[in-house]
Amino acid sequence: MLKVAVRESSLKIPAKLKIDFQRTKNREHGDFATNIALALAKENERAPKEIADLLIKLLNSAKFTENLNEIGIKKIEVAGPGFINLFLEQQSRGQVINLILSNLENFGHSNLLKGQRINLEFVSANPTGPLHLGHTRWAAVGDGMARVLRAAGATVSTEFYINDRGNQMNLFAQSIINVAQNKPVPADGYNGEYIKELANQILTENPDFKKLTGEAAITKYREAGYKLQLSEQQQVLKDFRTHFDTWFSEESLYQDDFVNKVIEKYRAKGKVFTEEGAIWLRTTEFGDDKDRVLVKSDGAFAYFASDIAYYTSKRDRGFDLCIYLLGADHHGYIARLKAAAGCAGDDPEKNIKVLIGQMVKIIEAGAELKLSKRAGTIITLAELVEKVGVDAARYTLMRYPTDTPMVLDVDLLKKHTNDNPVYYVQYAHARICAMLRNAKDLSVTVLKHPIANQYLSLLGHEREIDLLSALSKFPEVVASSAQLLQPHRICRYLEDLAGIYHRFYNDCRVLPVGEEKVSELHQMRVTLSLATAQVIKNGLTLIGVEAPERM
RNA sequence: GCGCCUGUAGCUCAGUCGGAUAGAGCGAAUGCCUUCUAAGCAUUAGGUCGCAGGUUCGAUUCCUGCCAGGCGCGCCA
C-alpha cells in the first residue's frame, strides 16, 4: 500500500532503496514504523518530514480508507525526523491471543527452513576425561540451537564426534596403568582423581588385568577406559538434557578403507598433491594460510584426514548444511574446514558453517578458578550442574552470544533470586499458573477462541498493549534466532516478556476482588495471562529449561 | 610477526540488516504486601558506547589506523 502511494506521489525513487518496515521499540511510536521518507529525502532534495506528510496525506485519502480498515490501521503519524508511524486498532493487536490459543505449543514455529537438512556437531570431546566447562557451554548452546532450528522447520540431526583415535588414547591407557600401579603418569599424560577412579573400577571389574603387560595391557586398559569414560560422558549429557542423535566414532572412518577413498575423491578433483614424502590437500586454494597434510611422510594419517573424511561422511548421509561448534582454541580450523568443503566441490559459504565459542571463566568466592588439566583442577559439567542445577546452568550458558567470552559467578548462580534471570522468567510462569488456579476457584472462565473483537477491544490499558505487542513478537524472535544461529535471543526475549507480564500483573488486577462480580474484562485478562504462560513455556522449551507451575 | 574474538553504567552483559531519548539484571538509595505467588513492582543515582579519523541526512552499528585484553598460528590429536 505504501508502495502504491509512493508511486502515485510523483516522488523520484532512487535506484538503490532500502526501506525498513518494522515493529517499533517504543509504544509512543505506534505499532509499526517505516523510514521510507528518510530514504527518499535525498533523491528528491526535500525535507524527510515534508515527504512523510505528503505520503500520509495520500494514505489518508478516500482511496485507501477501505484498505486501512481492513488491516486494522487506526491512524498514521509522522514523527521525529520523518518516520511514519502506524497505529493499530485495539482488536487487531488482540488477535495474537487467538493465534496463540489455536496453535498452543506450536505457536512460534514456522516453515522458514523447511526442507533444509542440517547436521549439527558439538561438544565432540576426547573420551579420555570428563566434560569440562568449555564443553558445557556448547552442550547448552548446541542443544538449544537444534531445538530452535527445528522450530523453524529444519530437519536437524545432532552429532557427537568421538575422538577415539590416535596417540592420546594410548597415553590415556598408559596413565591409567601407571596410576593403578602407583607410578607417576607419563609426560603429557592424564592426571586427576578420575584416572584413579577409572583404574579402580577397571581392576574391580577385571581383576585379571593385573597380570597384563606391554601392548596387551595398553589395548585392554584402553578399551575398558574408553568404554567407561564415554558412558560417563553420555550419562552427564543426558542428565543435562542434551540429546545427540548420533555418536560418531572417528575410528569408524577407517573401516573399509573409507579415508583412503575420500582422499582419492579429493585427488580426482585435483586438490591433492605429494611433497616431501607427505600427501597434502591444497586448502590454500580456498583461503587457508597453508596447505594441510593428510598423510604424513611416515605413512600415518594426519588428524586432518579424519576431518575431510568426516565431512564427506556427513554430506554422503544427505546433509545440506554441516554446522560445527568449536571452542575458541580451534578458530584456526575455520579456514581449513571451509577449504575441505571447497576442495570437495561444495560451496564453503552454503554447505558448511563453523561457529566459535569464546572462553568461559568461572569465579567462585570472588576468585577466578584457574583451569588446568595437568593440575587436575578442571571444572566439569557434572560439578557445575551439581552446584547450580540444570536449569540455571543451561540458561546462563545459553544467555550470551557465543562470540563473547563470559564469566560465570558460581555464587550468584546458586542464589535462587533475581540475580539469576532464569528464576525471573520461571517465576512469571509459576505466577500465572497460580493465578489461573485461583481463577478456576472463583469461576472466572477462560474465553474460548476465536475470541470476538468486542472482547479483544477490552484490552486497552497500556500494560495490556505492551504485553500483546511482546507476545506477537515471539514468532519473529524464533525465526531470527534460527536464521542467525543465536539461541540466546530466546533468553533475552523471555526476560523481556516476563518483565512486561510482571508490570501488567502489578498494574492490572486480573481476578475479581472480594464480592466483585465476574466481568468480561476479568475473563479477557485471564485469557491474556493464559496466552502469556503458553508463550513463556514455548520459549523455555526451546532452550530446554523447565516451566514450573509452582515455585 | 600474522590471524580470529572482545572492549557499552561500579559489576555481568544485551543492542540482525546504520535510525527516534543507548538498554537489562546485579550492586547503591527510597517507596509499595489486612486483595491474584514481594523469586514481584515503582522512583532515583550511574555512560566522551576503548581512542582517532573516514563514509552518511544520520554511526554503538560500516571502513581504516592505533591502544588494551583473550585465544590461536605442528608432517600433535
Side-chain angles (χ1 to χ4, degrees), chain A residues 18 20 22 24-26 28-29 33 35 38-39 41-42 47-48 79-83 85 126 128 163 165-169 171 188 250 275-280 289-290 292-298 300-304 306 327-335 356-359 361 363 396 399-409 412 415-421 423-424 426-428 430-439 441-442 444 480-481 483-484 486 488-489 491-492 495-496 498-499 501-507 509-514 516 522 525-526 529 550-551:
Chain A
K18 256 175 70 187
D20 281 344
Q22 51 192 202
T24 52
K25 289 173 193 157
N26 190 330
E28 287 166 28
H29 300 147
N35 67 342
L38 292 142
K42 197 177 185 191
F83 290 96
N85 296 334
N126 295 341
T128 54
N163 290 147
R165 197 171 172 277
N167 296 340
Q168 93 272 2
M169 291 307 295
L171 207 54
D188 298 323
E250 181 188 355
E275 200 175 287
E276 295 172 27
I279 298 174
W280 302 69
D289 47 8
K290 56 182 87 162
R292 303 292 166 180
V293 170
L294 293 172
V295 182
K296 297 183 267 185
S297 50
D298 66 1
F301 289 104
Y303 188 75
F304 190 52
S306 298
D329 51 344
H330 283 72
H331 73 252
Y333 283 71
I334 301 176
I356 295 298
Q358 294 300 320
M359 297 286 155
K361 264 203 275 189
I363 286 179
T396 309
R399 213 178 155 239
Y400 307 99
T402 51
D403 45 13
T404 36
M406 61 179 294
V407 179
L408 273 188
D409 187 329
L412 232 93
K415 282 196 257 171
H416 284 211
T417 68
N418 200 6
D419 301 5
N420 190 347
Y423 293 106
Y424 184 77
Q426 290 184 317
Y427 180 65
R431 199 179 209 189
I432 296 173
C433 291
M435 195 260 291
L436 292 174
R437 287 191 293 269
N438 297 338
D441 295 343
L442 294 170
V444 184
S480 68
S481 181
Q483 225 152 14
L484 299 167
Q486 296 182 334
H488 80 273
R489 285 169 186 277
C491 298
R492 300 295 169 163
E495 287 163 36
D496 197 40
Y501 186 81
H502 284 312
R503 285 189 280 280
F504 157 78
Y505 183 92
N506 223 259
D507 290 356
R509 174 77 203 186
V510 176
L511 298 177
V513 182
E516 194 185 350
H522 292 135
R525 284 182 171 166
V526 166
S529 299
R550 291 169 204 271
M551 282 173 83

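Everything numeric in this text was worked out from a predicted model, so none of it was measured. Side chains are part of it too, since the values below use all heavy atoms of this structure and drop only hydrogens, waters and symmetry mates. Letters A, B, ... are given to chains in the order of the sequence lines, protein chains preceding strands, and every chain is numbered from 1.
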A.B. asks: Contact class for A:Phe83 (heavy atom, under 4.0 Å): base, sugar-phosphate, or nothing?
C.D. replies: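 Base: the residue A:Phe83, judged by heavy atoms under 4.0 Å, touches a nucleobase.
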A.B. asks: Looking at A:Asn438, does any N or O in its side chain come under 4.0 Å of the phosphate oxygens OP1/OP2 on B:U37?
C.D. replies: yes
A.B. asks: Indicate whether OP1 or OP2 belonging to B:C41 is found under 4.0 Å from a side-chain N or O atom of A:Tyr424.
C.D. replies: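 Answer yes for this pair, as a side-chain N or O of A:Tyr424 is under 4.0 Å from OP1 or OP2.
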A.B. asks: Can you give one letter per nucleotide of nucleotides 71-77 of chain B, 5' to 3': B if a protein heavy atom sits under 4.0 Å from the base, S if only from the sugar-phosphate, - if neither?
C.D. replies: BSSSBBB
A.B. asks: Between A:Tyr333 and A:His330, is the gap from one ring center to the other below 6.0 Å?
C.D. replies: yes
A.B. asks: Provide the closest heavy-atom pair for A:Met359 versus A:Ala328 in the form atom of the first, atom of the second, distance.
C.D. replies: CE-CB, 3.8 Å
A.B. asks: Within this structure, what is the NZ-CZ distance for the pair A:Lys296 and A:Phe301, rounded to the nearest 0.5 Å?
C.D. replies: 11.0 Å
A.B. asks: If you assign A:Ser480 and A:Ala498 each to the RNA chain B nucleotide with the nearest heavy atom, which residue ends up on the more 5' nucleotide?
C.D. replies: A:Ser480
A.B. asks: For A:Arg399, which contact category applies under a 4.0 Å heavy-atom criterion: base, sugar-phosphate, or nothing?
C.D. replies: nothing
A.B. asks: What is the distance, to the nearest angstrom, from the CZ atom on A:Arg492 to the P atom on B:A24?
C.D. replies: 13 Å
A.B. asks: Using whole Å, what does the distance between atom P of nucleotide B:A42 and atom CZ of A:Phe504 come to?
C.D. replies: 14 Å
A.B. asks: Pick the C1' atom in B:G74 and in B:U16, then give their distance to the nearest Å.
C.D. replies: 38 Å
A.B. asks: Tell me: CD of A:Glu495 to C1' of B:G15, nearest whole Å?
C.D. replies: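 Those two atoms, CD and C1', are 13 Å apart.
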A.B. asks: Pick the P atom in B:A20 and in B:G1, then give their distance to the nearest Å.
C.D. replies: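 Each nucleotide's P atom is 40 Å from the other's.
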A.B. asks: Say we look at B:C36 and B:G46: how far apart would their C1' atoms be, to the nearest angstrom?
C.D. replies: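 Rounded to whole Å, the distance is 35 Å.
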A.B. asks: How far does the C1' atom of B:G23 sit from the matching atom of B:C63, given to the nearest Å?
C.D. replies: 27 Å
A.B. asks: Tell me if a side-chain donor or acceptor on A:Trp280 pairs with a main-chain N or O of A:Glu275 at a distance below 3.5 Å.
C.D. replies: yes
A.B. asks: B:C36, B:A38, B:U16: which one has an atom nearest the side-chain heavy atoms of A:Arg489?
C.D. replies: B:U16
A.B. asks: Anti or syn, where syn is a glycosidic angle within 90° of 0; which label fits B:C33?
C.D. replies: syn
A.B. asks: Nearest to the side chain of A:Thr404, heavy atoms from C-beta on, is which of B:A38, B:C36, B:C13?
C.D. replies: B:C13
A.B. asks: Determine the minimum heavy-atom distance between A:Asp188 and A:Leu171, stating which atoms define it.
C.D. replies: O-CD2, 3.0 Å
A.B. asks: Just wondering, do A:Gln168 and A:Asn163 contact through their side chains at under 4.5 Å, heavy atoms?
C.D. replies: yes
A.B. asks: B:A68 and B:C26: how far apart are their C1' atoms, nearest whole angstrom?
C.D. replies: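 Each nucleotide's C1' atom is 26 Å from the other's.
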A.B. asks: Could you tell me whether the side chain of A:Asp298 and the main chain of A:Ala300 form a donor-acceptor pair under 3.5 Å?
C.D. replies: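 Yes; at least one donor-acceptor contact below 3.5 Å.
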A.B. asks: When you measure from the side chain of A:Arg503, which nucleotide among B:G19, B:U12, B:A42 comes out closest?
C.D. replies: B:A42
A.B. asks: Any side-chain N or O of A:His488 below 4.0 angstrom from OP1/OP2 of B:G15?
C.D. replies: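 Yes, such a contact exists.
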A.B. asks: For nucleotides B:U60 and B:A52, find the distance between their C1' atoms and express it as a whole number of Å.
C.D. replies: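 After rounding to an integer number of Å, I get 16 Å for this pair.
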A.B. asks: Please classify the nucleic acid contact of A:Ala439 as base, sugar-phosphate, or nothing, using heavy-atom distances under 4.0 Å.
C.D. replies: nothing
A.B. asks: Provide, to the nearest angstrom, the distance between the CG atom belonging to A:Asn506 and the P atom belonging to B:G31.
C.D. replies: 18 Å
A.B. asks: Would you say the side chain of A:His502 lies within less than 4.5 Å of the side chain of A:Tyr424, judging by non-hydrogen atoms?
C.D. replies: yes
A.B. asks: Among B:C36, B:A38, B:G15, which is the nearest nucleotide to the side chain of A:Pro401?
C.D. replies: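 Nearest to the side chain of A:Pro401 among the choices is B:G15.
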A.B. asks: In whole Å, I'd like the distance from the CD1 atom of A:Ile356 to the C1' atom of B:G3.
C.D. replies: 12 Å
A.B. asks: For A:Glu250 and A:Ser306, which I'm curious about, is there any donor-acceptor pair between the side chains at under 3.5 Å?
C.D. replies: yes
A.B. asks: Contact class for A:Val510 vs. all strands (heavy atom < 4.0 Å): base, sugar-phosphate, or nothing?
C.D. replies: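 Base contact - A:Val510 has a heavy atom under 4.0 Å of at least one base atom.
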A.B. asks: Tell me if the aromatic rings of A:Phe504 and A:Tyr501 count as close, with their centers under 6.0 Å from one another.
C.D. replies: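 Judged by ring-centre distance (under 6.0 Å), A:Phe504 and A:Tyr501 do meet the cut-off.
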A.B. asks: Would you classify A:Met406 as touching base, sugar-phosphate or nothing, given that sugar-phosphate means primed atoms plus P, OP1 and OP2, and contacts are heavy atoms under 4.0 Å?
C.D. replies: sugar-phosphate
A.B. asks: Nearest whole angstrom, please: distance from the C1' of B:C32 to the NE2 of A:His502.
C.D. replies: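 A:His502 atom NE2 is separated from B:C32 atom C1' by 16 Å.
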A.B. asks: Whole angstrom is fine here: how far is it from OH in A:Tyr505 over to P in B:A42?
C.D. replies: 15 Å
A.B. asks: Which nucleotide in the set B:U12, B:U16, B:A38 lies at the smallest distance from any side-chain heavy atom of A:Val407?
C.D. replies: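 Selected nucleotide (nearest to the side chain): B:U12.
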A.B. asks: With sequence neighbours excluded, tell me which residues meet salt bridge (Lys or Arg N to Asp or Glu O under 4.0 Å) with A:Glu495.
C.D. replies: A:Arg399
A.B. asks: B:G47 and B:U37: how far apart are their P atoms, nearest whole angstrom?
C.D. replies: 40 Å
A.B. asks: From the list B:C41, B:C5, B:U37, which nucleotide is the closest neighbour of the side chain of A:Asp403?
C.D. replies: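 Looking only at side-chain atoms, A:Asp403 lies closest to B:C5.
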A.B. asks: Whole-Å distance between B:A14 P and A:Asp496 CG?
C.D. replies: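 Checked: the CG to P distance equals 16 Å.
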A.B. asks: Taking for each residue the nucleotide of RNA chain B with the nearest heavy atom, is it A:Asn85 or A:Leu436 whose nucleotide lies nearer the 5' end?
C.D. replies: A:Asn85
A.B. asks: For RNA chain B, write out the stems as range with range, using runs of 3 or more consecutive Watson-Crick or G-U pairs with both distances under 3.5 Å.
C.D. replies: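 When the pairs of RNA chain B are grouped into runs of at least three, the stems are B:1-7 with B:67-73, B:10-13 with B:23-26, B:28-32 with B:40-44, B:50-54 with B:62-66.
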A.B. asks: What integer number of Å spans the C1' atoms of B:U48 and B:U12?
C.D. replies: 23 Å
A.B. asks: With distance as the sole test, does A:Arg509 use its side chain to make a donor-acceptor pair with the main-chain N or O of A:Leu511 at under 3.5 Å?
C.D. replies: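 Pair found, side chain donor or acceptor close to backbone of A:Leu511.
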